[in-house]
Amino acid sequence: MRMRRGAVVALTTSALFLTAACGGSSEKKDDQPKAAESGGSAEQKPAAALTDAQMKAGLLEVADLPTGWKVDTAASSDERPQAEKPECRPLALLMSAKIDGATMGGNREFAQGNDSAMLAQQIFTYADGAAATAFVKSVADAVGPCATFTTVQDGEKMTITSQKLTVPQVGEEAVGVRLTLDIPQLGMKLESDVLVARQGAGLTRLAYVPTGEKPDHSAFEDLAKRGGEKFAKGAQG
């Protein structure tokens, strides 16, 4: 079944994801991760916002992927699901088309074969490294308390479970999470493996979504490594 992004972790400007969609609601500024208060210079190394050229250079191309992948059309989206629990807002942000306080860069989407899997990448940047570091930390800290949480969009509720994943350590730091979306409107569940990696003040969100009755997640580690390394190289250039 072909799914449009949105609910699947809207990890991208267009909603980096492909799912059944629920509409968009305005995101509160409280949802924006706050820069952690630093107790030392090691936590706040000066880092400038990525340029448009750096963000573009960090995006995957078909040539960067294993055989069998093709470019997919990235439809625009304004979806911004809201988590009912405040502590789960960072994970809901992973499914938001836009992030307050960040400059959204380019995004790419790919499909494998007969839509047996989908891959979406987005790059965005904060004005400084402290805010970017805080974003990564907020996601990592939310996984435990939010093993199960609920989001709301346009009055529609969706139950999501989260599980921490081990991911390649690309960039200066990286965190991984599997989000399983229970979509009653479609009578189905959708699993999305997500990488969040930081280089300086920039971040990439990359989501791999295998479909079918028995989703195969084995390709995620390799794809995360390819996407994370391409992003980090672009950010450094």
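The structure places CD of Glu221 at 10.5 Å from CG of Leu165, a figure rounded to the nearest 0.5 Å. For the atom pair Asp193 CG and Arg178 CZ, the distance stands at 4.0 Å (nearest 0.5 Å). Rounded to the nearest 0.5 angstrom, Gln82 CD and Ser96 OG are separated by 7.5 Å. For the atom pair CZ of Arg226 and CG of Leu223, the computed distance is 7.0 Å after rounding to the nearest 0.5 Å. Taken to the nearest 0.5 Å, the CG atom of Leu60 stands 8.5 Å off from the CZ atom of Arg108. Put simply, OG on Ser192 and CG on Leu94 are 9.0 Å apart, with the number rounded to the nearest 0.5 Å.
Looking at Gln54, its side chain does come within 3.5 Å of a backbone N or O of Ala235 through a donor-acceptor pair. Side-chain N or O atoms of Thr180 include none that pairs as donor or acceptor with a backbone N or O of Thr161 at under 3.5 Å. With Thr159 contributing its side chain and Asp182 its backbone, the two residues share no donor-acceptor pair below 3.5 Å.
A pairwise comparison of heavy atoms in Phe149 and Ala83 identifies CD1-CB, 4.4 Å as the closest pair. Smallest separation of non-hydrogen atoms from Ala224 and Pro168: CB-CD, 4.0 Å. Pro81 and Ala92 make their closest contact through O-CB, 3.7 Å (heavy atoms, listed as atom of the first residue, atom of the second, distance). Closest non-hydrogen pair, Ala201 versus Ala48, comes out as CB-O, 3.4 Å. The minimum heavy-atom distance linking Val170 with Gly228 is given by the pair CG2-CA, 3.6 Å. For the pair Tyr208 and Ala219, the tightest heavy-atom approach, listed with the atom from each and the gap, is OH-CB, 3.8 Å.
For Gln121 and Thr204, the side-chain atoms include at least one donor-acceptor pair closer than 3.5 Å.
In this structure the side chain of Met158 reaches within 4.5 angstrom of the side chain of Leu181, judged on heavy atoms. In this structure, the side chains of Ile160 and Thr151 come closer than 4.5 Å at one or more pairs of heavy atoms. Between Val62 and Phe110, the closest side-chain pair of non-hydrogen atoms falls below 4.5 Å. Within the 4.5 Å cutoff, side-chain heavy atoms of Met95 are placed close to those of Leu179. Looking at heavy atoms from C-beta onward, Pro90 lies out of side-chain contact with Asp141 at the 4.5 angstrom threshold. Here the side chains of Thr125 and Leu203 are not in contact, with every heavy-atom distance at 4.5 Å or above. No side-chain heavy atom of Glu173 sits less than 4.5 Å from a side-chain heavy atom of Lys137.
Glu84 is linked by a salt bridge (charged side-chain N to carboxylate O under 4.0 Å, His left out) to Lys157, counting only residues two or more places apart in sequence or in another chain. With sequence neighbours excluded, no residue satisfies ring-ring contact (aromatic ring centres under 6.0 Å, His included) with Phe220. Applying the salt bridge (charged side-chain N to carboxylate O under 4.0 Å, His left out) rule to Asp52 yields no partners; only residues at least two apart in sequence or on another chain are considered. Annotation: salt bridge (charged side-chain N to carboxylate O under 4.0 Å, His left out) contacts of Lys189 (sequence neighbours excluded): none. Not a single salt bridge (charged side-chain N to carboxylate O under 4.0 Å, His left out) links Lys85 to another residue, sequence neighbours left out. Listed by chain and number, the residues in a side-chain contact (heavy atoms from CB on, under 4.5 Å) with Ser116 are Gln112 (sequence neighbours excluded).
When each of Asn107, Leu195, Ile99 is checked for a side chain to side chain contact (heavy atoms under 4.5 Å, CB included) with Arg205, only Ile99 meets the rule.
The aromatic ring centroids of Phe124 and Phe135 lie less than 6.0 Å from each other.
Between Lys225 and Glu229 there is a salt bridge, since a side-chain N of the basic residue sits under 4.0 Å from a carboxylate O of the acidic one. Between Lys230 and Asp64 there is a salt bridge, with a side-chain nitrogen of the basic residue lying less than 4.0 Å from a carboxylate oxygen of the acidic one.
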